[in-house]
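Here, residue 1 is the first one in the sequence, and each next residue gets the next number. Because only heavy atoms are used, hydrogens play no part in the values below, and waters and symmetry mates are left out as well, while side chains stay in.
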Amino acid sequence: MVLEDHKILLLSDSQAAIAAIRRAGRTGRARMAELKEVVEEMRRRQKNLGPVAVRFAWVKAHVRTCGNEKADQMAKAGAELGDEDEKMQKVITEGGLRQKWKRRRAEERKVKGTGMGRVVKWNCKARVNYVHCRTGKGNLQAWRHVLDIDQSDECRKCGRYTETGRHVALVCIHGEEIGWKWRTWEDMDDPERWRKRVKDPDGDYELDLVEEFFANLDLH
C-alpha cells in the first residue's frame, strides 16, 4: 500500500513476529505463503531503494501508541471471525502457530474417550485416517497449507470449506455418502451406538461403522 519511492518503518509489539520476518529474510526460507510474500516484497523494495527501504522496530504494547492500539483491535476482531469450517486463521509467527496448535491439542484432550480403545483393533487405513482427522494433521489440506506445501486448503470432496479433520469427520456432505451418522467426537466414541450385526453365509459378524467410515476415507 506504500508508494514505491517511500521508505517504510514497520512498528510491532511482537518481537516474535519481527524475529520470524528477519530470519526468513536472512535464510530465504519461509514456513507460510504470507511470510514468503512479505520477504519477497521487502527484498524488491530494498533492491530499488537500498537496505533501509524497509525497517522493523519493536514498540511496547498497551501504552496508548495510537497505531499500535488500532492494530491490536483489528487483530482481535480478525481472530473472532468465522470458525474452522469456514477459513482457518493464518498466523504469520512461529509463536502464534505454536499457541494455536497448543490450544487445539488442549481442546482435543478435553474430548472424552478418544477412540475408547477401539482404534488399536481397526485396520491400518482406518487408524491412520482417524488419527489425521482427530489431530487435524497428516494428509489434510488445512495442515498442508500451514506447512506451505499446498496453496489450496479447500475440502477436496465438497470444495466449500477448509479441509480440517473436524470438517471431514463431522461435517462434510461427502461423509454422509460413506456412512457418518454422528455430529460430535463424543458421539462417535460411543461404540455401542455404531456396532452393527451383519448376516453372512460364512457366519454373522459385527461391523464397526466408525472404523468402516475411516477405512473408506481418501485423504491422499
Phe56 vs Arg22, side chain to side chain contact (heavy atoms under 4.5 Å, CB included): CA-CA, chis, key distance, verdict: CA-CA 9 Å; Phe56 295 88; Arg22 284 178 174 163; 4.0 Å; yes
Contact summary for Asp13 and Ala61, nearest pair of heavy atoms: OD2-CB, 3.4 Å
N/O donor-acceptor pair under 3.5 Å between Trp194 side chain and Val210 backbone: no
Nearest-0.5 Å distance, CD of residue Glu212 to CG of residue Asn123: 8.5 Å
Same apolar cluster (I L V M F W Y, side chains within < 4.5 Å links), Leu207/Trp122: yes
Any side-chain heavy-atom pair of Gln46 and Pro51 under 4.5 Å: no
Asp72 side chain near His62 side chain, heavy-atom distance below 4.5 Å: yes
Backbone of Ile178 reached by a side-chain donor or acceptor of Asn216 within 3.5 Å: no
Expected output: side-chain Glu206 to main-chain Arg197 donor-acceptor under 3.5 Å: no
Same apolar cluster (I L V M F W Y, side chains within < 4.5 Å links), Ile21/Val59: no
Single-linkage hydrophobic cluster Leu209~Tyr205, side-chain heavy atoms < 4.5 angstrom: yes
Nearest non-hydrogen partners of Phe214 and Ala126, listed with the distance: CB-O, 3.6 Å
Reported NZ-to-CD distance for the pair Lys70 and Gln73, which is rounded to 0.5 angstrom: 5.5 Å
Nearest non-hydrogen partners of Ala57 and Leu9, listed with the distance: CB-CD1, 4.2 Å
Any side-chain heavy-atom pair of Cys155 and His167 under 4.5 Å: yes
Check ion pair Arg195-Glu211 (N to O, under 4.0 angstrom): no
Over all atoms of both residues, closest heavy-atom pair of Thr135 and Val131: OG1-O, 2.7 Å
Flag side-chain contact, heavy atom, 4.5 Å: Arg45 against Ile8: yes
Derivation of the side chain to side chain contact (heavy atoms under 4.5 Å, CB included) call for Trp180 and Leu170: CA-CA 7 Å; Trp180 67 248; Leu170 306 175; over 6 Å; no
Intermediate values then yes/no, side chain to side chain contact (heavy atoms under 4.5 Å, CB included), Met188 and Tyr130: CA-CA 11 Å; Met188 185 190 297; Tyr130 177 86; 4.1 Å; yes
Verify same cluster id: Ile18, Leu10 (apolar side-chain graph, 4.5 Å): yes
Phe213-Trp182 aromatic ring centre distance below 6.0 Å: yes
ILVMFWY network linking Val2 to Val39, side-chain heavy atoms under 4.5 angstrom: yes
pair Cys133-Leu217: side-chain heavy atoms closer than 4.5 Å: yes
Pairwise side-chain contact, Lys7 with Val54, heavy-atom cut-off 4.5 Å (strictly under): no
Ionic contact status for Asp189 with Arg134, cut-off 4.0 Å: yes
Expected output: side-chain Thr65 to main-chain Asn68 donor-acceptor under 3.5 Å: no
Interatomic spacing from NZ in Lys157 to CD in Gln141 - rounded to 0.5 Å: 11.0 Å
Electrostatic pair Arg43-Glu40, nearest N-O below 4.0 angstrom: no
Candidate pair Cys158 and His174, rule side chain to side chain contact (heavy atoms under 4.5 Å, CB included), full reasoning: CA-CA 7 Å; Cys158 70; His174 173 70; 5.9 Å; no
Side-chain donor or acceptor of Arg156 paired with backbone N/O of Leu219 under 3.5 Å: yes
Heavy atoms of other groups near Glu176 CD, more than 12 under 6.0 Å: no
Close side-chain approach of Asp208 to Lys121, heavy-atom, < 4.5 Å: no
Side-chain donor or acceptor of Thr162 paired with backbone N/O of Thr164 under 3.5 Å: no
Minimum side-chain heavy-atom gap Arg55-Val52 below 4.5 Å: yes
Pairing of Asp187 and Arg193 as salt bridge, 4.0 angstrom limit: yes
